[in-house]
Trainee: 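Sharing a structure here in structure tokens format.
Order of listing sets the numbers, starting from 1, for every ligand and every atom in it.
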Amino acid sequence: MSKAERVDILIQALSDGEFHSGQSLGELMGVSRAAVWKYVKALTELGIQFESVPGKGYRVIGGIQLLDKKIIAESLSRNARQVFKDVFCFSEIDSTNQFLLDLSDSGKAAYSSVCVAERQTAGRGRRGRRWISPFAKNIYCSVLLRFNKPLVELEGLSLVVGLSILKALEEMSYSNIQLKWPNDLLHENKKLAGILLEVRGDLTDFCDVVIGFGINVNMALEDAREIDQAWTDLSSISSSSLDRNFLVASILNNLAVDIDEFEHRGFVSFQARWNEKDAYLSKEVVIVAGKDRLEGISKGVSETGALILQLGSEDRLFHGGEVSLRGVDATLD
Ligand code: BTN
């Protein structure tokens with residue numbers, strides 16, 4: 001048994017919040033009681049606080065609600081079950097996006113596949129940023145999809161994903177969530193979630209698209225120190241507790257419906273829905289393209305998902321890959 005497997009067994013055992021003796025944990029993990037202590041102590045590096053009581057053993061007060069592949073799979077709608085054939089669930093991985101890109105490269109992928117992880121050691125965001133991914137606090141999820149279309153026809157896909165996530169959150173009673181073009185979900189102008197699309201394949205004929213999304217659920221302040229923009233999390237928006245498994249499943253259920261619609265009708269059938277949730281509609285914004293800054297009024301998105309910017313008397317379209325948008329007085333990117 002590897003060290004990582006032992007850590008997984010330990011976390012799984014302690015997740016119920018009950019006391020477990022060093023002896024019983026040692027038996028489960030195949031190590032001595034003394035070694036159990038070292039493993040338990042190392043849990044603090046993952047942000048897991050434990051209690052150790054002589055004669056009783058170890059416990060994690062309140063337990064840890066873990067991601068569970070079985071719960072996710074069982075909570076999928078019939079439709080989503082047909083779309084998402086494989087769900088991979090890791091306690092630690094470099095990046096869920098990278099895992100699915102590698103799976104696509106291997107030629108052995110089932111379409112569509114899903115990957116979730118409790119922690120990412122090299123989680124990535126847009127524009128080469130790191131995506132802070134502490135253990136069991138948030139959602140880090142990626143989906144691998146194959147489209148038998150050239151990449152140019154997929155403009156708008158990441159906007160559709162934003163809508164699917166937003167709908168899932170609304171279904172779970174989170175309100176006042178808005179979208180920021182092209183890829184962010186905001187609550188009161190603070191970033192709640194981000195989406196990163198990465199592609200593989202011929203690109204002129206078919207493509208494999210990995211859609212990764214990170215949702216802040218319960219971000220601890222010490223973990224968030226490195227985040228260089230205004231952020232929020234679901235626990236700050238609502239005091240009701242959340243089982244991340246159900247949110248992941250609900251997003252996948254919405255994605256299954258929306259992606260089918262997108263494939264058949266294109267972005268045009270999402271345009272009005274997107275504009276209704278646009279945090280910057282009719283507001284002054286700055287578009288940053290390399291060293292250039294353009295100030296104008298945001299007029300929402302076009303039929304293909306491009307941003308429409310009013311510059312004086314002229315409207316100009318901007319496409320996702322090339323630019324980023326900011327509110328005139330915000331530091332959001
Ligand atoms: C952004 O910069 O706003 C996009 C963030 C995307 C983060 C998610 S977390 C799951 C998936 N795996 C990654 O490495 N990144 C995406």
Side-chain angles (χ1 to χ4, degrees), residues 67 69 72 84 87-105 109 112-145 157-166 168-169 177-187 189-200 208-219 223-224 226-234 244-245 247-249 251-252 255 279-280 288 307 320-327 330-333:
L67 291 171
K69 173 183 162 148
I72 296 173
F84 301 111
V87 178
F88 297 88
C89 182
F90 296 101
S91 59
E92 179 176 296
I93 198 153
D94 50 358
S95 151
T96 54
N97 265 30
Q98 189 58 51
F99 175 80
L100 290 181
L101 288 170
D102 291 345
L103 195 65
S104 162
D105 291 341
S112 303
S113 292
V114 177
C115 176
V116 287
E118 296 289 10
R119 174 177 190 241
Q120 297 184 116
T121 52
R124 45 187 190 245
R126 294 179 69 225
R127 308 180 173 280
R129 284 187 164 126
R130 236 159 66 75
W131 189 258
I132 309 293
S133 310
F135 186 84
K137 297 276 175 55
N138 303 313
I139 288 175
Y140 321 115
C141 178
S142 301
V143 171
L144 169 65
L145 299 165
L157 175 61
S158 69
L159 282 73
V160 172
V161 177
L163 280 170
S164 307
I165 298 174
L166 192 149
L169 289 168
I177 297 167
Q178 291 186 299
L179 298 165
K180 173 177 172 266
W181 185 87
N183 280 347
D184 292 347
L185 281 88
L186 310 180
H187 181 263
N189 279 332
K190 291 181 246 166
K191 182 156 169 170
L192 175 67
I195 300 163
L196 175 69
L197 262 63
E198 296 183 86
V199 287
R200 286 284 197 271
D208 275 8
V209 181
V210 173
I211 301 169
F213 50 90
I215 306 175
N216 298 333
V217 176
N218 218 336
M219 188 72 101
D223 292 322
E226 275 182 62
I227 303 180
D228 58 358
Q229 42 187 311
W231 64 272
T232 189
D233 60 7
L234 292 176
R244 292 171 299 147
N245 293 299
L247 179 54
V248 169
I251 292 170
L252 296 175
L255 267 180
Y280 288 91
V288 182
L307 179 81
E322 32 173 294
V323 287
S324 73
L325 175 146
R326 298 178 189 169
T331 51
L332 284 171
D333 174 285

Trainee: Specify the protein heavy atom at minimum distance from atom 15 (N) of ligand 1: its residue, its atom name, and the distance to 0.1 Å.
Mentor: R124 O, 2.7 Å
Trainee: Give a yes or no on whether the backbone of N216 and the side-chain of K191 come within a donor-acceptor separation of less than 3.5 Å.
Mentor: no
Trainee: Nearest 0.5 Å please: distance from the CD1 atom of I195 over to the OG atom of S142.
Mentor: 11.5 Å
Trainee: Going by the order shown, which atoms of ligand 1 are within less than 4.0 Å of some heavy atom of D184?
Mentor: 3 (O)
Trainee: Against heavy atoms of S142, which atoms of ligand 1 measure under 4.0 Å?
Mentor: 11 (C), 12 (N)
Trainee: Not counting sequence neighbours, which residues clear salt bridge (Lys or Arg N to Asp or Glu O under 4.0 Å) with D208? List them please.
Mentor: R146
Trainee: Do the charged groups of D228 and R129 touch, with an N to O distance under 4.0 Å?
Mentor: yes
Trainee: So among R130, K137, R119, which one has a salt bridge (charged side-chain N to carboxylate O under 4.0 Å, His left out) with D223?
Mentor: K137
Trainee: For the pair Y140 (side chain) and P134 (backbone), establish whether a donor and an acceptor sit closer than 3.5 Å, ignoring hydrogens and angles.
Mentor: yes
Trainee: Out of all atoms in ligand 1, which are within 4.0 Å of some heavy atom of G125? Include the element for each.
Mentor: 1 (C), 2 (O), 4 (C), 5 (C)
Trainee: Of the protein's non-hydrogen atoms, which lies at the shortest distance from atom 5 (C) of ligand 1, and what is that distance?
Mentor: W131 CE3, 3.3 Å
Trainee: Got the closest protein heavy atom to atom 3 (O) of ligand 1, with its distance?
Mentor: K191 NZ, 2.6 Å
Trainee: Which protein heavy atom lies closest to atom 10 (C) of ligand 1, and at what distance to 0.1 Å?
Mentor: T96 OG1, 3.2 Å
Trainee: Select one of side chain, backbone, both or neither to describe which atoms of C141 lie under 4.0 Å from any atom of ligand 1, heavy atoms only.
Mentor: backbone
Trainee: Using the side-chain contact (heavy atoms from CB on, under 4.5 Å) rule, pick out the option among I93, V248, I139 that qualifies with V116.
Mentor: V248
Trainee: Can Q120 be said to touch ligand 1, with heavy atoms closer than 4.0 Å?
Mentor: yes
Trainee: If you round to the nearest 0.5 Å, how far is NZ of K180 from CD of Q178?
Mentor: 12.5 Å
Trainee: With rounding to the nearest 0.5 angstrom, report the OG to CZ distance, S133 to R124.
Mentor: 11.0 Å
Trainee: Run the contact test for I195 against ligand 1 with a 4.0 Å cut-off on heavy atoms, strictly below, and give the result.
Mentor: yes
Trainee: For G123, counting its heavy atoms only, list the atoms of ligand 1 lying under 4.0 Å from any of them.
Mentor: 14 (O)
Trainee: At less than 4.0 angstrom from any non-hydrogen atom of S95, what atoms of ligand 1 do you find?
Mentor: 12 (N), 13 (C), 14 (O)
Trainee: Around atom 2 (O) of ligand 1, find the nearest protein heavy atom and jot down its residue, atom name and distance.
Mentor: R126 N, 2.7 Å
Trainee: For G214, counting its heavy atoms only, list the atoms of ligand 1 lying under 4.0 Å from any of them.
Mentor: 7 (C), 8 (C), 9 (S)
